[in-house]
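See structure below.
Values below: every heavy atom of this structure, side chains too, minus hydrogens, waters and symmetry copies. Order of the sequence lines fixes the chain letters, A, B, ..., with proteins taken first and strands second; residue numbering starts at 1 for each chain. Note that the structure is a prediction, hence the values are computed from the model and not measured.
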Amino acid sequence: MSWETVIGLEIHVQLATKSKIFSGAATAYGADANTQACAVDLGLPGVLPVINEEAIRSAVKFGLAIDAQIAPHSVFARKNYFYPDLPKGYQISQFELPIVSGGTVEIQLQDGIKKTINVTRAHLEEDAGKSVHEGFGNLTGIDLNRAGTPLIEIVSEPEMCSAEEAVAYMKKIHTLVRYLEISDGNMQEGSFRCDANVSIRASGETSLGTRAEIKNINSFRFVEQAINHEVERQIDILEEGGKVVQETRLYDPDKNETRSMRSKEEANDYRYFPDPDLLPVELSRDEIDAIRTQLPELPDARRSRFIKELALSEYDSESLTANKEIADYFESALSAAGGEAKLCSNWVMGELSAALNRENKEISESPVSANMLGQLVLRIKDNTISNNIAKQVFEAMWNGEGDADGIIEARGLKQLTDSGEIEKLVDDVISDNPEQVEQFRNSPEEKRGKLIGFFVGQVMKKSRGKANPQQVNQLLSEKLNG
Amino acid sequence: MFQHTIAELSQLLQSKSISSVALTRAYIERCESLDTELNCFITLTPELALQQAKAADDRIQSGTSEALTGIPIAHKDIFCSKNIKTSCGSKMLDNFVAPYDATVVERLANAGMVTLGKTNMDEFAMGSSNETSFYGPALNPWDKQRVPGGSSGGSASAVAARLVAGATGTDTGGSIRQPAAMCGITGLKPTYGRVSRYGMIAYASSLDQGGPLTQTAEDAAMLLSTMAGFDERDSTSVDRPVDNYNSELTNKLDGIKIGLPKEFFNQNLDSDIGDNINSAIKILKECGAVFKEIELPNSHLSIPAYYVVAPAECSSNLERYDGVRYGYRCEDPKDLADLYCRSRGESFGEEVKRRIMIGTYVLSSGYYDAYYLQAQKIRRLIRDDFQQAFNDVDIILGPTTPTTAFKLNENMDDPVSMYLSDIYTVSANLAGLPGISIPSGFSNGLPVGMQLMGNYFQESKLLNIAHQYQLQTDWHKQIPGEFKES
């Protein structure tokens, strides 16, 4: 029997507002426990929430970016449940009337196939605090620094049918929120995490199977592993004649398995109702349009522009635009180089990416600035140095030896273009290697192209890489063939 | 001296005929000696009071004082007050010392008022008799066998017995107006959103509203002027200028149209109270008011709707009391569930538990539409009834309560008859309208209250009519015999 997988994702994105969604306390990560929790975050008697307008703008930006409807009237609701790190005993969220509904996201898969995933809704809500189980003996510590941090929860339709699609979708949302600068997207710090609803059904079946919800997955790799594992688990159950139970499961990356957290029967009745402490969020057409004007160029548009205006390949354009900082870097380098998009793209995705990966650095931490790389490309372009020499220059820039021009000057790397000098080198090589010249001249025409490489190499070696390869090539073929 | 109103005390202080310290000392002594009988206060704050009184005297001396500077006031123990126990009448918060001031407390303190203490109340403001207080009921100074009403019973009783010239209260279904009526004083519930709820411990957030309890409408106008106004910390407070209530008090009532809802004058009303209200109507007619019968056809639905909406909100509002961060925590909890169950079970009283249970039920999945949504629809009907009525009349008048103060324990075993004590007051909360109760006479030696309700932000008009009525009557000047100065 063959099975097909159905996946829906709920992605929680922490918004990069300075203060919390309903209080003035700071949201910075990593502060000492409970130092960023004010009376409102602690849920003291008598305190009241006040909405952070920036959080609303962020959610609207996201909605506009996925071409969704922005509700002119949305409502905060209370989701009631008891938990020690939930200070008020309810989470302020949105239920019946979310701020964003019905958008779309296009994903591209490994084989180049594109697919549109529908986003059901995105709503604003507050994060809970953290329970800390280590260091308190048999007690539990509560850190409420995170309590009240603004989140948008983005809910997809159950339309993805493989872990690969789910990861592509999650990455696309990640790219979007980073482009919009509404989240730092930091997955280690929990700023971007997801719950995956996974079910399987017999191929061709139209109704959905019973789903399991895997909670709180915080890396692209874990999403893939968790889904794949869960699909296998469900197939095993069904093939052995069992039934999948609707439940919440937790993914354990150490053991690469999911395990049950609670069943449907144990699920809370959240008793949602509109929060009487907050007014509905009213957004006029004008306000929404004003936010629209603040939207940056989005990844899809940027990719198309790279293909159309810069004549880059689809692959290059996709890779460069997947990360806003990289795309920004690329465009700055390109403008410093005064053109040569393909060459800039090669350098950004080649030497630069390799160096960043090697030292595990973000592009923002690169010792070689976009301007410096642009200058280097410029020197390749104007034949001051060859591509090979440029690699040396890049390494030197990376190691802090200054900019391209300075390094070329200091190391005397300027390309040899004086034809007289090059001719002398060519003549030397020809007279030093009579055997090879003999062999070359006795070879048929079609083999000569390959054999000439030896002489080019010798000339380049003699020039310590500085001779202009085109000129060398031309002179050699004139002299050897002639 | 204790018969003085806030307006009178203000003149005495401003003319330096008396110092705030002397006045405050006198009130502290009176409270310390007489409150043992009435149990109006949960906490007296003599040290803070004297400190504030000294500062007030300095302001008066330096010419930077305001009308309220130096006058003692008591706050219902539902308002958070910095570094002072704020219990909300509950064992749950018996150990809770608020780290901040409620906006109302802060505004009155900034005006130079002197905090005398925190008054007794029904637990979490749930009750109509003060009997659900963890600290035992405050008593009615007119008859100590009787309740002062609730939930702001401590404030009402204290003002009636002249232990303090004015007090704050909160009104969710009648909790200012009903005890004001039962204790023979003036109590104003402002329009929802007029007074900030920040720091006012929530019972039912969409209904709760703070307001003053005083001897006179004039005093209520003075306190409201300071209490009212937009507060950015309360999203439901309304950003709209505060009227000059005191300057409107002297307006004549000629031609003012007052509606009498026929549903408020039916068989449920004690006949003595009915007669009493009719006498009050006669006086207002003499002042030039014109009366007209009106209909509030959905008012019979107000109590059922209230007892869905208020418990629903309270069930959620009280979830924060979980024994984790502050408040009562049970001894040696076995596990998390045990911590929750016993901390809440051991510290909430019967009425609070009852309302949490009702509220949890009406919000639960499968019942939400039938109860909570239905009640919200009724709220709209009630609001529409009032808007309809206000097309014809300026003000609506009726009794505040169906009976005078009842005896202690009389209604404790019968929640429904207790709930019916708020039958005339609840609809103003459901609609968010302002209402005032003023003393209109006595029935068998117990005070009777008359209620005026106005359209949104018509507090000036309510206070104006109440003041004009008080110029013609002296019911508001009556002091229970035992508490008169010899």
Side-chain angles (χ1 to χ4, degrees), chain A residues 21-24 34 37-53 75-92 95-96 129 131 133 138-144 147 266-282, chain B residues 78-80 86-88 92-93 96 98-103 124 193 196-202 204-208 231-237 309 312-313 315-327 336-337 339-340 344 359-368 372-373 376:
Chain A
I21 185 166
F22 299 118
S23 83
N34 297 310
C38 68
V40 174
D41 307 321
L42 294 173
L44 289 185
V47 297
L48 295 170
V50 176
I51 181 69
N52 180 340
E53 302 282 345
V75 170
F76 284 106
R78 294 185 182 176
K79 179 181 181 178
N80 297 285
Y81 64 97
F82 284 99
Y83 205 70
D85 58 26
L86 187 71
K88 297 185 294 298
Y90 57 85
Q91 177 195 29
I92 305 177
F95 186 55
E96 283 181 330
S131 295
H133 300 289
N138 58 349
L139 299 176
T140 297
I142 306 290
D143 178 3
L144 295 176
E266 297 165 277
N268 283 309
D269 178 352
Y270 291 121
R271 291 171 286 123
Y272 281 102
F273 74 107
D275 191 332
D277 288 334
L278 289 159
L279 302 178
V281 179
E282 309 283 354
Chain B
I78 199 168
F79 289 101
C80 284
T86 301
S87 73
C88 219
M92 175 56 88
L93 292 179
F96 178 68
Y100 74 102
D101 275 333
T103 299
F124 284 104
S196 168
R197 293 187 296 116
Y198 189 77
M200 198 175 100
I201 297 177
S205 311
S206 73
L207 303 163
D208 295 342
D231 179 5
E232 59 182 22
R233 293 173 293 186
D234 174 4
S235 310
T236 62
S237 80
V309 173
E313 293 182 10
S315 71
S316 175
N317 283 332
L318 269 60
E319 278 172 349
R320 68 189 60 201
Y321 309 113
D322 56 7
V324 172
R325 295 168 314 286
Y326 52 78
L336 189 57
L339 169 75
Y340 288 150
R344 290 166 67 82
T360 304
Y361 180 81
V362 302
L363 287 177
S364 56
S365 99
Y367 299 95
Y368 180 84
Y372 185 78
L373 276 191
Q376 294 295 357

For a quick test of reading the model, state the closest non-hydrogen atom pair linking [X] to [Y] and the distance between them.
X	Y	answer
Tyr368(B)	Pro274(A)	OH-CD, 3.4 Å
Pro45(A)	Phe96(B)	CD-CZ, 3.5 Å
Gly46(A)	Tyr100(B)	C-OH, 3.2 Å
Arg197(B)	Pro276(A)	NH2-O, 4.0 Å

Under 4.5 Å heavy-atom distance to chain B, tell me which part of Asp277(A) shows up: side chain, backbone, both or neither. both
Toward chain B, the part of Tyr272(A) with a non-hydrogen atom under 4.5 Å: backbone
Most chain A-contacting option - heavy-atom pairs closer than 4.5 Å, from [options]:
options	answer
Thr86(B), Ile78(B), Asn317(B), Asp322(B)	Asn317(B)
Leu373(B), Thr360(B), Val362(B)	Thr360(B)
Gly199(B), Cys80(B), Ser206(B)	Gly199(B)

Does the plane of the ring in Phe273(A) sit parallel, tilted or perpendicular to the ring in Tyr372(B)? Use 30° and 60° as the thresholds. perpendicular
Single hit among Leu44(A), Leu144(A), Ile142(A) for side-chain contact (heavy atoms from CB on, under 4.5 Å) with Arg325(B): Leu144(A)
Are Arg78(A) and Glu319(B) ion-paired here, with the side-chain N under 4.0 Å from a carboxylate O? no
Test your reading of the model: is there a side-chain donor-acceptor pair from Asn80(A) to the backbone of Ser316(B), 3.5 Å cut-off? no
Treating Ser205(B) as the side-chain partner and Asp275(A) as the backbone partner, does any N or O pair qualify as donor plus acceptor under 3.5 Å? no
Region of [X] in contact with chain A, defined by heavy-atom distances below 4.5 Å:
X	answer
Gln376(B)	neither
Tyr367(B)	neither
Tyr198(B)	both
Tyr321(B)	side chain
Leu336(B)	side chain
Ala98(B)	neither

How about Tyr90(A) and Ser315(B): do any of their side-chain heavy atoms sit closer than 4.5 Å? no
Can you tell me how far apart CG (Leu279(A)) and OG (Ser235(B)) are? Round to the nearest 0.5 Å. 6.0 Å
How long is the straight-line distance from CG of Leu48(A) back to OG1 of Thr236(B), given to the nearest 0.5 Å? 6.5 Å
